[in-house]
Amino acid sequence: MSADTPKPAAPKPAKPIEPAIKPTRAQDFPEWYQQVVRAGDLAENSEVRGCMVIKPWGCGLWEQMQQALDAMLKATGHQNAYFPLFIPLSYFEKEAAHVEGFAKECAVVTHHRLEVGPDGKMRPAPSAQLAEPLVVRPTSETIIGAAYARWVQSYRDLPILINQWANVVRWEMRPRLFLRTTEFLWQEGHTAHETEKEAQEETERMLGVYETFARDWLALPVFVGEKTESERFPGAVRTLCIEAMVQDRKAIQAGTSHYLGQNFAKASGIKFQSREGREEFAHTTSWGVTTRLIGTMVMAHADDDGLCLPPRVAPTQVVILPVAPKEDTRAAVFEAAEKLAAELRAQTWQGQPLRVHVDRRDIGGGTKSWEWIKKGCPVRIELGPRDLAQGTVAVCSRDQGARHKEFIPQADAVTGMPARLGAVQQGLYDRALAFRFEHTREIGTKEDFYAFFTAKNEKEIHGGFALAHWNGSPEVEAKIKEDLKVTIRCLPFTETTPGTCPFTGEPSPRRALWAKSY
RNA sequence: CGGGGCGUAGCUUAGCCUGGUAGAGCGCCUGGUUUGGGACCAGGAGGUCGUAGGUUCGAAUCCUAUCGCCCCGACCA
């Protein structure tokens with residue numbers, strides 16, 4: 001705009017409002033994250049180290065995610081089953097890489113009875129020591145493998161396509177709500193196939209399911225690719241993954257799918273008689289996503305006023321806040337609120353009736369509003385006496401920020417709600433994609449690479465995602481990890497152009513995705 | 001497991017150095033006025049100061065041990 005162009009009237013300076021979450025993202029991202037989870041009423045730390053209490057709002061979110069993903073797993077031919085929480089210790093001795101990967105983080109059950117000891121306190125009864133300790137599953141390849149070994153005799157018994165929704169325990173050094181907890185919830189798919197080709201296809205198919213789920217339900221754009229050897233699942237031949245960027249520009253693994261080759265089949269004895277009458281080992285896969293996805297969504301979408309939940313997985317998509325200041329109008333307002341809720345519930349979006357809640361609690365209107373803002377409810381509707389008189393409602397879309405509010409005719413609010421939810425869903429995705437785009441760079445020299453990942457001052461954060469060539473050498477990978485704490489998150493399938501490795505000058509088949517990660 | 005820090009009411013914390021029997025804010029309860037962007041007034045409940053020893057007439061405070069938690073590192077969905 002040139003100097004002599006008349007300027008439009010400057011927008012009224014917004015009244016400064018304290019952000020609901022302190023510190024803000026810019027001030028202290030890790031602390032902001034903890035506060036968002038807490039303020040959003042998703043979960044809290046429990047008295048058990050590393051274990052969280054998932055509160056109703058967080059659990060409701062997980063249930064929505066489960067429901068959607070479960071349908072996708074069924075649609076790709078899988079069935080649910082359930083296997084034991086406890087795994088005999090000896091099962092872990094069967095696959096060398098696997099045991100090495102998990103041994104350091106296993107909870108082990110050694111007794112089956114308590115008694116009062118000499119000091120008057122309860123203790124595990126020495127007489128009740130287990131002959132073979134039981135490991136609380138950190139993952140179920142071995143115990144499910146043992147079952148598959150019983151179930152499979154012929155190629156006609158294959159494939160086996162099973163998923164389990166379960167909790168697992170990994171005794172991690174440093175737990176963080178949702179991102180890395182000692183106990184967490186997940187689904188783990190375990191399949192067994194006649195041929196490598198089928199198993200490889202399954203591995204890629206399920207990664208595709210995860211990509212779709214992340215994009216269309218969680219509003220998370222992800223990079224899709226394969227892990228390098230150093231980042232591979234213990235015991236796997238190939239590990240595929242989806243990687244998301246969150247708002248401190250770090251990468252987070254949001255889902256994995258492994259081709260296990262015949263490693264676990266050999267360890268567990270999953271063998272069958274082939275079409276040619278030969279005895280062969282099955283080719284197996286496993287794949288999973290966890291409650292970490294909740295943490296990923298928080299870090300990707302939330303703002304300085306709290307959560308912003310994608311409507312497709314929000315436990316409540318629309319909350320109605322009756323404004324009933326005067327005793328004499330209260331009954332009418334509540335009645336109108338319930339009527340509005342019923343009309344909204346009769347609407348569908350993405351093939352499902354809208355999830356609507358009327359918050360009738362008698363607490364201050366502002367407090368109530370902020371609670372739902374912090375919980376990330378996609379749409380809030382305020383309905384008061386003035387609206388009753390005018391036939392309007394005040395509608396607030398969470399993705400537009402905590403201050404957003406528009407007064408529209410009530411009928412429009414009802415008929416337009418599916419589209420509004422769609423807009424919020426799309427808005428979150430677009431914002432996350434734009435953020436990732438802004439912080440992803442193709443880098444061609446070692447100097448640029450190091451500069452990109454080196455903060456210029458204490459407050460500044462590192463660059464983000466770098467797409468850079470790599471000669472395939474684990475030594476280069478290790479050196480960069482040591483220097484910058486940057487690792488190869490994956491070799492994206494979309495990167496196919498050969499080039500030159502900036503670290504060695506050697507040829508590179510394609511660019512790798514480099515980042516700091518959770 | 002190595003390095004640093006911290007345990008006082010539901011939460012955040014003051015008091016500790018220099019011992020004298022615990023205070024605040026938020027939250028909670030009651031009543032009233034309020035409620036369209038985090039309300040206000042008045043009254044009230046709630047703590048054996050992480051635990052166990054020791055020193056002392058007397059310990060939240062000093063000493064020893066122990067447990068737990070947080071941060072940094074290695075590990076990791």
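In this text the structure is predicted, and so the values were computed from the model without any measurement. Every chain is numbered from 1 and lettered A, B, ... according to where its sequence line falls, protein lines coming before strand lines.
- Taking a centre distance below 5.5 Å and an interplanar angle below 30 degrees as the stacking criterion, A:Phe184 stacks against the six-membered base ring of B:A77.
- Atom CD of A:Glu382 is separated from atom C1' of B:G37 by 7 Å (rounded to the nearest Å).
- Comparing the C1' positions of B:G50 and B:G43 gives an interatomic distance of 34 Å, to the nearest angstrom.
- A:Asp304 places its CG atom 17 Å from the C1' atom of B:G37, with the value rounded to the nearest Å.
- For A:Asp362, the side-chain atoms get nearest to B:U35 when compared with the rest of B:G36, B:C76, B:U35.
- The same atom, C1', is picked in B:U30 and in B:C69; the two are 37 Å apart, to the nearest Å.
- For the segment residues 216-242 of chain A, no residue has any heavy atom less than 4.0 angstrom from an atom of RNA chain B.
- The CG atom of A:Leu383 sits 17 Å away from the C1' atom of B:G37 (whole-angstrom rounding).
- Side-chain contact of A:Thr285 with A:Glu202: a donor-acceptor pair under 3.5 Å is absent, judged by distance alone.
- Atom name P, nucleotides B:G15 and B:C62: the rounded distance is 12 Å, in whole Å.
- Atom NZ of A:Lys104 is separated from atom P of B:C76 by 6 Å (rounded to the nearest Å).
- Atom NZ of A:Lys516 is separated from atom C1' of B:C76 by 18 Å (rounded to the nearest Å).
- At a cut-off of 3.5 angstrom, the base of B:C76 holds at least one donor-acceptor pair with the side chain of A:Arg180.
- A 3.5 Å limit on both hydrogen-bonding distances identifies B:G23 as the Watson-Crick or G-U partner of B:U13.
- Rounded to a whole Å, the CD atom of A:Glu183 is 17 Å from the P atom of B:A77.
- Ring geometry, A:His98 versus A:Phe92: the interplanar angle falls under 30°, so the pair is classed parallel (tilted spans 30 to 60°).
- Summarising the base pairing, B:U56 is matched to no nucleotide, lacking a Watson-Crick or G-U wobble pair whose two defining distances lie under 3.5 Å.
- Within the nucleic acid shown, A:Ala20 comes within 4.0 Å of at least one base atom, counting heavy atoms only.
- Nucleotide B:C1 forms a Watson-Crick or G-U wobble pair with B:G73, both donor-acceptor distances falling under 3.5 Å.
- The P atoms of B:C28 and B:C71 are separated by 28 Å, rounded to the nearest whole Å.
- With rounding to whole Å, A:Gln253 atom CD is found 10 Å from B:C76 atom C1'.
- Here the nucleotide nearest the side chain of A:Thr290, chosen from B:G37, B:A77, B:G36, is B:A77.
- At the heavy-atom level, A:Tyr210 lies nowhere under 4.0 Å from the strands shown.
- Rounded to whole Å, the distance from CZ on A:Arg360 to C1' on B:U35 is 16 Å.
- Rounded to a whole angstrom, the distance from the P atom of B:U12 to that of B:U64 is 28 Å.
- Base-pair partner of B:G68: B:C6 (Watson-Crick or G-U wobble, both distances under 3.5 Å).
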Heteroatom pairs (N/O) under 3.5 angstrom, protein to nucleotides 66-74 of chain B:
from, atom 1, to, atom 2, distance (Å)
B:C72, OP2, A:Arg174, NH1, 2.1
B:C72, OP2, A:Arg174, NH2, 2.9
B:G73, OP1, A:Lys485, NZ, 3.2
B:G73, OP2, A:Arg174, NH2, 3.3

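- In this entry B:G43 has B:C29 as its Watson-Crick or G-U wobble partner, both defining distances falling under 3.5 Å.
- Residue order along RNA chain B, read from the 5' end via each residue's closest nucleotide, puts A:Arg38 first among A:Arg330 and A:Arg38.
- Distance noted for atom P between B:A59 and B:C63: 16 Å (whole Å).
- Nucleic acid contact class of A:Thr487 (heavy atoms, under 4.0 Å, all strands): none.
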Check the interface with nucleotides 39-46 of chain B: list each N/O to N/O pair with the protein under 3.5 Å, or write none.
from, atom 1, to, atom 2, distance (Å)
B:A39, OP1, A:Thr367, OG1, 3.3

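- The aromatic ring centroids of A:Phe465 and A:Phe223 lie less than 6.0 Å from each other.
- At a threshold of 4.0 angstrom between heavy atoms, the contacts of A:His404 include nucleobase atoms, whether or not backbone atoms are also involved.
- Both A:Glu105 and A:Leu388 lie near RNA chain B, and the one whose nearest nucleotide falls closer to the 5' end is A:Leu388.
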